[in-house]
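Taking it in order: structure first as structure tokens, then the write-up.
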There are 2 protein chains.
Amino acid sequence: MNKTMTATKGAFPGVRHDHGDCVAGALRAAEELCAQRGARLTKLRRRVFELVWSSHAPVGAYDLLRRLARERDGAAPPTVYRALDFLRGHGLIHRIESLNAFVGCCAPGLAHAGQFLICSACGTAAEIDDPRLDAAIEKRAKALGFAIQRKTIEVEGLCPPCQARRS
Amino acid sequence: MNKTMTATKGAFPGVRHDHGDCVAGALRAAEELCAQRGARLTKLRRRVFELVWSSHAPVGAYDLLRRLARERDGAAPPTVYRALDFLRGHGLIHRIESLNAFVGCCAPGLAHAGQFLICSACGTAAEIDDPRLDAAIEKRAKALGFAIQRKTIEVEGLCPPCQARRS
DNA sequence: TAAGATATGTTATATTATAACATTCTCAAA
DNA sequence: TTTGAGAATGTTATAATATAACATATCTTA
Ligand SMILES: [Zn+2]
Ligand SMILES: [Zn+2]
Ligand SMILES: [Zn+2]
Ligand SMILES: [Zn+2]
């Protein structure tokens, strides 16, 4: 475990964690994964990935676009959506359906259905992978003869720091 | 239990179920609920509710609008969105985040966080309310000190009839 | 190097949702 | 029964999110 705790699956990243480590780690993992698969993590895609990882709060496509447009002219919606599609296709980021926004995956490469706890105050999303939760879904689906293709689990609420801040 | 089985929470409505019964039951329940609460289920709201209930597949706001506009002129986006907001506020319908669409609630009045199995082939959504699933989420949230406000559980896949149809 | 495949640029448009203000309707108090 | 306040709806405009379609550039590999 790192001295300066970086974001881990199943926990809220500490307020003062070293986010540079998060980004660096995510980039390393993404590069490795793409190399293994012969997928091209181009400059543009890498940059979009970095922008998505700029915090642990999901980011909207047009936010990404605005930031991208500052550094690269001719950036238009397809520019960012295509990069997002690539990243999503390789499981490097997740889409948060209830927010129309995107967030970096904390465990790329591992098969998992993103499960998220999302703070409605600070926006931070914690990716979890609760086997009980998953098992409950699988079991119920099986009982009804339903063949699962994709799971969307998004729980909105208040993270511990934000609860403290309100009381 | 009805002779002609109507849609029940926790199951896929049969292909040949009497959907008129579903709609009639839903309308009765909505009327009762609104009466209890002193909420006004106006003509417009009731009509939007009926249109949402026109099938068990979630319907987009603009689909509703197109249909509404046939019968009522001057129907514009706010017309339908306001009705949807009202219905949602009273728990009479749910929004399916992963589809940007709306579906009737099978158990209005009862506290529950809509959990859905949604068929990617025919569109049918089955509302379930699995206590284990709910418990798993609550437990994990508690362990992380997360205060839940809203849960979004949407599982996409193939319903039994659609699986049969493909094989 | 040339050809094909992949990625990006560019323009236009589709889809979903809300803001802001005007008008009409409802219901109860005067 | 009036009338006035609040609620609901009408109306116009625009914001926010996403994709289609085609042109150009870049990469890969034979
Ligand atoms: Zn971090
Ligand atoms: Zn927070
Ligand atoms: Zn039905
Ligand atoms: Zn189906």
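Numbered from 1 within each chain, the chains take letters A, B, ... in sequence-line order.
Side-chain contact, A:S120 with B:Q149: a donor N or O sits under 3.5 Å from an acceptor N or O. Side-chain contact check for B:T79 and B:R72: no donor-acceptor pair (N or O, by modelled atom type) lies under 3.5 Å.
With respect to A:E32 and A:R37, no salt bridge is recorded, no charged nitrogen being found less than 4.0 Å from a carboxylate O.
Among residue pairs with one or both ends in residues 65-94 of chain B, those qualifying as ring pair (Phe, Tyr, Trp, His ring centres under 6.0 Å) are B:F86-B:H90, B:H94-B:H112, B:H94-B:F116; sequence neighbours excluded. Sorted by first then second residue, the salt bridge (Lys or Arg N to Asp or Glu O under 4.0 Å) pairs that include residues 48-62 of chain A, not counting sequence neighbours, are A:R47-A:E50.
In this structure, B:Y62 does not count as stacked on the base of C:dT15 under the 5.5 Å centre distance and 30° plane angle limits. Stacking is not found between A:Y81 and the pyrimidine-like six-membered ring of the D:dT19 base under the 5.5 Å centre-distance and 30° plane-angle cut-offs.
Taken residue by residue, residues 67-80 of chain B places heavy atoms nearer than 4.0 Å to DNA chain C at B:P77, B:P78.
Atom-to-atom, CG of B:L99 to C1' of D:dT17 comes out at 16 Å; the value is rounded to the nearest Å. Look at CZ on B:R88: it is 13 Å from C1' on C:dT16, rounded to the nearest Å. Atoms CG (A:L65) and C1' (C:dT8) sit 14 Å apart, rounded to a whole Å. In this structure, A:H90 places its NE2 atom 12 Å from P of C:dT6, rounding to the nearest Å. Atom P of nucleotide D:dT9 and atom CZ of B:F86 are separated by 9 Å, given to the nearest angstrom. The CD1-C1' distance, from A:I96 to D:dT17, rounds to 16 Å in whole Å. Atom CG of B:L44 and atom P of C:dC25 are 13 Å apart (whole Å). The interatomic distance linking A:R82 (CZ) with D:dT19 (P) rounds to 12 Å, in whole Å.
In B:R132, the CZ atom is not crowded: 12 or fewer heavy atoms of neighbouring residues, nucleotides or ligands sit closer than 6.0 Å.
Linking ILVMFWY side-chain heavy atoms closer than 4.5 Å, directly or via other members, places B:F49 and B:L51 in a single hydrophobic cluster.
For A:R40, the listed nucleotide lying nearest its side chain is C:dA7; candidates were C:dC21, D:dA21, C:dA7.
Two residues, A:D85 and B:R45, neighbour DNA chain D, and the one matched to the more 5' nucleotide by heavy-atom proximity is B:R45.
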